[in-house]
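Along the sequence shown, residues are numbered consecutively beginning with 1.
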Amino acid sequence: MIARFALAALLLSPRGVAASVSIQLDHGAFRVTGWTAPEPVGGWASIFAVSTGPGLPPLFGTYSMEGGSVTFHPRYALAPGITYYAVFHPPESAPIEATFHGPEPAAAREARITAIYPSSPVLPANQLKMYIVFSGPMQGGDFWPSIHLFDQDGKPAYLPFVGQELWNRDYTRLTLIFDPGRIKRGVKPNVDLGPVLVEGKRYTLIIDREFKDVNGRPMAEPFRHEFAVGADERRALDTGLWKLSQPKAGTRDPLVIRFDRPLDYALLSDVFQIPGVSGSATPGAGEIEWRFQPMQPWTAGEYQVVVDMALEDLAGNRIGRPFDVDTMTNPAERINKQSTSLTFRIP
């Protein structure tokens, strides 16, 4: 809200314009006070204009006489950081000019962490990724000292994450990848250091307040997330274990695909589509289902859900291929298809 105030105009009135005439800014409206003459033939716009600078086109808006003052209401709200230039031209008198400033920019709120995925309280011991969601754009660079992982005994995990900076486009979601070399069995990091997460233990992820936003300011508060660790998940995804709901023709009931295990949050948001049907899709609670809401009622017939083969579960297992397999030495395990599909019928 722009504070109510008045700025006395510079008066140059050789022909007797009253010294009390002034231009004021009042809650976003510009007013000429102390002027009692009738509206000129050309309208108030012919003698009173507001722009963002001398010589620039006037703002769009409406004029009225309110409480004895000629009043101009801009079509759009005044913008922070902009200077406004108001000029009133009394007939046969020197112009009265006044300069005003738009409202102060709203103080940006401190960033905070609003979500973490997977949202399940129990993760597999071979968990591959975690997604940290922030309330606003964050600063890239050397943020790793602000991220810590401790086990239930307070022991810090040794280099648990790949030191690669992975953000979404607007820097509001950070992807943390657990060291894959400590997940795949039989490779040197796994043999030498062991897995990062151990079945049966509890862990706490802590992100310090010093993690900075895009303007270099620390977060509003530190973040703490506790989770338990269950058994490894080393099975390939099998679409035959998924269950599809059965929407009815003439309704906009959602199509729901329920999985046999939680899936990767970010991929779950992108890898499904139903050709020829417009609508909105969202991951369900716990990332264990996918919901599609059509824009128009379903019509009877057969439909396909196309699934990109990039889809993964929490441990990186894909459709028909477990994460732990070595496709270089097991060519039969290679998956060359880009997508697969599920068929459902609307009765």
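- Applying the side chain to side chain donor-acceptor pair (under 3.5 Å) test to pairs two or more places apart or on separate chains, none has a residue in residues 195-206.
- Side-chain rings of Tyr117 and Tyr265 approach one another, their centers coming within less than 6.0 Å.
- In this structure a side-chain-to-backbone donor-acceptor pair under 3.5 Å is missing from Trp35 to Ser69.
- A ring-centre distance under 6.0 Å is not found for Phe134 and Tyr171.
- Side chain of Tyr63 to backbone of Phe48: a donor-acceptor contact under 3.5 angstrom is found.
- Side-chain contact between Tyr84 and Leu25 is absent, with no heavy-atom pair separated by less than 4.5 Å.
- Using a 4.5 Å cut-off between side-chain heavy atoms of Ile, Leu, Val, Met, Phe, Trp and Tyr, Ile288 forms no hydrophobic cluster with any other residue.
- For Trp144, the ring-ring contact (aromatic ring centres under 6.0 Å, His included) test picks out no residue, with sequence neighbours left out.
- A salt bridge links Arg217 to Asp213: one of the charged nitrogens lies within less than 4.0 Å of a carboxylate oxygen.
- Atom CD of Glu302 has more than 12 heavy atoms from other residues, nucleotides or ligands within 6.0 Å.
- Inter-residue side-chain proximity for Val21 and Ile96 is flagged as met; some heavy-atom pair is nearer than 4.5 Å.
- Between Pro145 and Phe143, every side-chain heavy-atom pair lies at or beyond the 4.5 Å cut-off.
- Judged as a salt bridge (charged side-chain N to carboxylate O under 4.0 Å, His left out), not a single pair has a partner in residues 69-83 (not counting sequence neighbours).
- Between Phe227 and Gln127 there is no side-chain heavy-atom pair separated by less than 4.5 Å.
- Looking only at distances, no side-chain donor or acceptor of Arg291 sits under 3.5 Å from a matching main-chain atom of Thr282.
- Looking at Ser135 and Thr114, their side chains never bring a donor and an acceptor atom within 3.5 Å of each other.
- Residue pairs that meet the side chain to side chain donor-acceptor pair (under 3.5 Å) test with at least one member in residues 266-278, sequence neighbours left out, do not exist here.
- Taking the six-membered ring where the residue is Trp, Phe211 and Trp167 present perpendicular rings, their angle passing 60° and hence far from 30°.
- Remark: side-chain polar atoms of Asp238 are paired, donor with acceptor, to backbone N or O of Gly240 under 3.5 angstrom.
- Of the possible polar contacts, one joining the Ser120 side chain to the Val122 backbone as a donor-acceptor pair under 3.5 Å is found.
- Val214 and Met138 sit in two unconnected hydrophobic clusters of ILVMFWY residues. Membership requires side-chain heavy atoms under 4.5 Å apart, directly or through other members.
- Side-chain atoms of Ser64 do not come within 3.5 Å of backbone N or O of Glu66 as any donor-acceptor pair.
- Lys248 is linked by a salt bridge (charged side-chain N to carboxylate O under 4.0 Å, His left out) to nothing, counting only residues two or more places apart in sequence or in another chain.
- For the pair Phe72/Leu59, a side-chain contact is recorded, criterion being any heavy-atom separation below 4.5 Å from C-beta on.
- Salt-bridge check for Lys129 with Glu312: passed, with a basic side-chain N closer than 4.0 Å to an acidic carboxylate O.
- Between the side chain of Arg182 and the backbone N or O of Gly194 there is at least one donor-acceptor pair closer than 3.5 Å.
- In this structure, the ring of Phe259 has its center no less than 6.0 angstrom from the ring center of Trp290.
- Between Arg234 and Asp232 a salt bridge is recorded (basic side-chain N to carboxylate O distance below 4.0 Å).
- Using a 4.5 Å heavy-atom cutoff, the side chains of Asp264 and Leu314 are not in contact.
- The shortest distance between side-chain heavy atoms of Glu233 and Asp313 falls below 4.5 Å.
- At a threshold of 4.5 Å between non-hydrogen side-chain atoms, the residues Phe178 and Leu197 count as touching.
- The neighbour count for Arg209 CZ, taken as heavy atoms of other residues, nucleotides or ligands under 6.0 Å away, is above 12.
- Looking at every heavy atom in both residues, Ala236 comes nearest to Arg261 through O-NH2, 3.2 Å.
- With hydrogens and angles ignored, the 3.5 Å screen pairs no side-chain donor or acceptor of Asp153 with any backbone N or O of Lys155.
- With Glu289 contributing its side chain and Val256 its backbone, the two residues share no donor-acceptor pair below 3.5 Å.
- In this structure a side-chain-to-backbone donor-acceptor pair under 3.5 Å is present from Asn317 to Phe323.
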Point to revise | side chain to side chain contact (heavy atoms under 4.5 Å, CB included) assessment of Val306 paired with Phe272 | key: CA-CA 6 Å; Val306 178; Phe272 292 90; over 6 Å; no
